[in-house]
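Worksheet: the structure to be examined is printed underneath.
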Protein chains: 2
Amino acid sequence: MPRPKHVPADDLVLPDALAPDRPKGDQLREILENIATDAGPGRLIPSERFFAEHYQISRSTVRLVINRLVADGLLYRQHGNATFTAERPPRQIDMLTSFTEDIRSRGAVPGTKVLLALVESAGAQIAGRLNIPPGAPVFRLERLRFVDDEPLALERTNLSLDLFPGIDEYDWAAQSLHKTLEERFGVVPEWNDTAISAELPQSQDAALLEIEPSQPCLVLSGTLHASDGRVIEAGRSLYRADRYTVFTTARRSR
Amino acid sequence: MPRPKHVPADDLVLPDALAPDRPKGDQLREILENIATDAGPGRLIPSERFFAEHYQISRSTVRLVINRLVADGLLYRQHGNATFTAERPPRQIDMLTSFTEDIRSRGAVPGTKVLLALVESAGAQIAGRLNIPPGAPVFRLERLRFVDDEPLALERTNLSLDLFPGIDEYDWAAQSLHKTLEERFGVVPEWNDTAISAELPQSQDAALLEIEPSQPCLVLSGTLHASDGRVIEAGRSLYRADRYTVFTTARRSR
DNA sequence: TAGTGGTCTAGACCACGCT
DNA sequence: GCGTGGTCTAGACCACTAG
């Protein structure tokens, strides 16, 4: 008995045809994303050749789409065997998404108090982290972050004023830093680089966070980068460890 | 004056031709990886059509290679303009690489003492994290980890015995857990999922780590997954915060 | 407007693995 | 054996952008 073809399983609903007015790859991607999202992990996907024939498109087009989904971790392949749905890692949070989004996604109400917002000359350390010459103007922002009106974190961040001229003239209690960078300056955070450690807070910081100095804090220290490698911001934040946990996922690099 | 073509810059050394006996894509990938590694970020890459003509290969082949490098974060594209080298995020460490590799990469000598290695029935919590039925056999391993003969971490991890039969019969003081899983069971860690928090240690744990109970620890709690979604291990580890920092990077999902 | 990357075609042949 | 994914070709046309 010959090996059976990988046709769709009975319970797998597939559109009969693609709309002619939109990119075929996009439509196929949506179809496959739905399969991967609805089904659990390990679900068999119809073969590349099946999709090519079924939708009257080239197998190269199918492969292109599947390649991306594999790169995104939605599918995985077994050479000589088949393609399956993978389990999707939960969405990554820390530092790429803004504080506001992060807290909202955890189902709470974020709040902000600006402690400090000024322009100063970059010292050696900040200049190095921002990858700018020492003495260049730096916008320094310190904010106390609240969740449901309780203090959660003390955020200190630095941005190059040459890269973001006028960045010091916003109201950072109301405005999202990341959103402003994207909308006003067209800069999209592409990746970050964070060192996570635990420390007991200095007494002033403990007072701001309304904790005892014996209560540990998570320290998130890192830089945020654009795709061209420019450093968008360099910061160091103190989080109350009793109220905050960092969730992180890592994928094996291929 | 017409727009100049994106030919290689003068200082860019390119092999004249590809070897005929190896996949062309692989060779091109190596060439582009070298460019991306040697040059800093933001370096202009010759156009796809240039590579296609120069090496007498199809543009599709070139695109396939560049697609992967973009997915891996080594290059980035600007539609209608050009392709550039990106800054490479530093190598990801936590939990995907083994403790031994992690410590070695930090230039120190790792050590291990097995505190506990036994098989028990899965309680509700462990069963849930391992995604196995409650009561199923679980291999529980507790190890004290040393760096340069100083205690660094207390690792507690759980594995399904049904998934890895015989896993309880190795010497885990000498053997690498991840390496054994890969070599004996053909299971490759694909992604992890870690919650990072800070805590003061219980007094017994503090004693094992040779610290005061007032000294904070990093708590790494998470699961390690194979590409088919199976949970390889579920663990919770205590790291001395004065000696250990977690480095993590995240990339924007496309 | 010319050169870039983005989508897509219609094939070929190879490498691998299940039955 | 035969169906799977992996590599590769030689083109076409579209979308976008620097000069």
Side-chain angles (χ1 to χ4, degrees), chain A residues 1-9 17-30 32 43-71 75-86 186 227-228 254, chain B residues 1-9 17-30 32 42-71 74-86 186 227-228 254:
Chain A
M1 178 180 164
R3 183 184 186 188
K5 284 198 192 185
H6 290 179
V7 295
L18 301 180
D21 55 341
R22 291 179 47 220
K24 300 168 187 179
D26 289 1
Q27 297 182 63
L28 183 56
R29 179 176 175 111
E30 285 164 19
L32 285 169
R43 169 101 193 215
L44 180 70
I45 295 292
S47 70
E48 299 172 355
R49 286 168 177 88
F50 167 82
F51 281 117
E53 285 173 29
H54 184 77
Y55 289 122
Q56 294 290 296
I57 57 181
S58 164
R59 187 181 152 215
S60 312
T61 306
V62 178
R63 272 188 73 74
L64 196 63
V65 171
I66 294 186
N67 276 342
R68 291 184 197 178
L69 292 168
V70 169
L75 303 177
Y76 68 96
R77 299 198 236 237
Q78 280 180 8
H79 187 171
N81 185 6
T83 304
F84 304 89
T85 58
S227 57
D228 56 5
R254 282 159 302 277
Chain B
M1 177 180 166
R3 183 186 187 186
K5 285 196 190 184
H6 290 178
V7 293
L18 302 180
D21 55 340
R22 291 179 47 221
K24 300 168 187 178
D26 289 0
Q27 297 182 63
L28 183 57
R29 178 175 176 113
E30 286 164 18
L32 285 168
R43 168 99 192 217
L44 179 70
I45 295 291
S47 70
E48 299 172 356
R49 286 168 178 88
F50 168 81
F51 281 116
E53 285 173 30
H54 184 76
Y55 290 123
Q56 295 291 298
I57 58 181
S58 164
R59 190 182 150 214
S60 311
T61 306
V62 178
R63 273 189 73 74
L64 196 63
V65 170
I66 295 186
N67 277 342
R68 292 184 195 175
L69 292 168
V70 169
L74 281 166
L75 302 177
Y76 68 97
R77 297 198 237 236
Q78 281 180 12
H79 187 172
N81 184 9
T83 304
F84 304 89
T85 56
S227 56
D228 56 6
R254 285 160 298 277

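On a predicted model such as this, the values are computed, not experimentally measured, just so you know. In what follows, every heavy atom counts, from backbone to side chain, and hydrogens, waters and symmetry copies are set aside.
- Atom P of nucleotide C:dT7 and atom CG of B:Asn67 are separated by 9 Å, given to the nearest angstrom.
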May I have the step-by-step check of side chain to side chain contact (heavy atoms under 4.5 Å, CB included) for A:Leu28 and A:Ile57, ending in yes or no? CA-CA 10 Å; A:Leu28 183 56; A:Ile57 57 181; 4.1 Å; yes

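- Going from atom CG of B:Leu32 over to atom CG of B:Leu75 covers 6.0 Å, rounded to the nearest 0.5 Å.
- Residues forming a ring pair (Phe, Tyr, Trp, His ring centres under 6.0 Å) with A:Tyr55 (at least two apart in sequence, or on another chain): none.
- Base pairing in DNA chain D gives the following stems of 3 or more Watson-Crick or G-U pairs, range against range and under 3.5 Å: C:1-18 with D:1-18.
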Working note: B:Leu64 + A:Asn67, criterion side chain to side chain contact (heavy atoms under 4.5 Å, CB included); need CA distance, chi angles, decisive distance, verdict. CA-CA 10 Å; B:Leu64 196 63; A:Asn67 276 342; 3.8 Å; yes

Show me the side-chain donor-acceptor pairs of residues 45-52 of chain B shorter than 3.5 Å, one per line, residues at least two apart or across chains.
unit_1  : atom_1 : unit_2  : atom_2 : d
B:Ser47 : OG     : B:Phe50 : N      : 3.2
B:Glu48 : OE1    : B:Arg59 : NE     : 3.0
B:Glu48 : OE1    : B:Arg59 : NH2    : 3.0
B:Glu48 : OE1    : B:Arg63 : NH1    : 3.2
B:Glu48 : OE2    : B:Arg63 : NH1    : 2.8
B:Glu48 : OE2    : B:Arg77 : NH1    : 2.9

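- Residues from residues 75-85 of chain B that place a heavy atom under 4.0 Å from any atom of DNA chain C, listed by number: B:Arg77, B:Gln78, B:His79, B:Gly80, B:Asn81, B:Ala82, B:Thr83.
- Taking atom NZ of residue A:Lys5 and atom P of nucleotide D:dT4, one finds them 7 Å apart after rounding to whole Å.
- Side chain of B:Ser227 to backbone of A:Tyr76: no donor-acceptor contact under 3.5 angstrom is found.
- Using a 4.0 Å cut-off on heavy atoms, the residues of residues 54-64 of chain B that approach DNA chain C are B:Arg59, B:Arg63, listed by number.
- Between B:Ser47 and C:dT4 there is a side-chain polar atom (N or O) within less than 4.0 angstrom of OP1 or OP2.
- Counting to the nearest Å, the P atom of C:dT4 and the CD1 atom of B:Ile66 are 12 Å from each other.
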Dump the intermediate steps for side chain to side chain contact (heavy atoms under 4.5 Å, CB included) on B:Phe84 and B:Gln78, then the final yes or no. CA-CA 8 Å; B:Phe84 304 89; B:Gln78 281 180 12; 3.9 Å; yes

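- Nearest nucleotide to the side chain of A:Lys24, out of C:dC8, D:dG19, D:dG6: C:dC8.
- Nearest-nucleotide positions on DNA chain C for A:Arg49 and A:Val65 put A:Val65 closer to the 5' end.
- When rounded to the nearest whole Å, the span between CD of B:Glu48 and C1' of D:dC16 equals 14 Å.
- Rounded to whole angstrom, the span from the NE2 atom of A:His6 across to the P atom of D:dC2 amounts to 16 Å.
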Tell me which donor-acceptor pairs under 3.5 Å the side chains of residues 17-25 of chain A have, and how far apart each pair is, sequence neighbours excluded?
unit_1  : atom_1 : unit_2  : atom_2 : d
A:Arg22 : NH2    : A:Glu30 : OE2    : 2.8

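- The separation between B:Leu44 atom CG and C:dG3 atom P is 15 Å, rounded to whole Å.
- Atom-to-atom, CZ of A:Phe51 to P of C:dT9 comes out at 15 Å; the value is rounded to the nearest Å.
- Atom CZ of A:Phe50 is separated from atom P of D:dT4 by 11 Å (rounded to the nearest Å).
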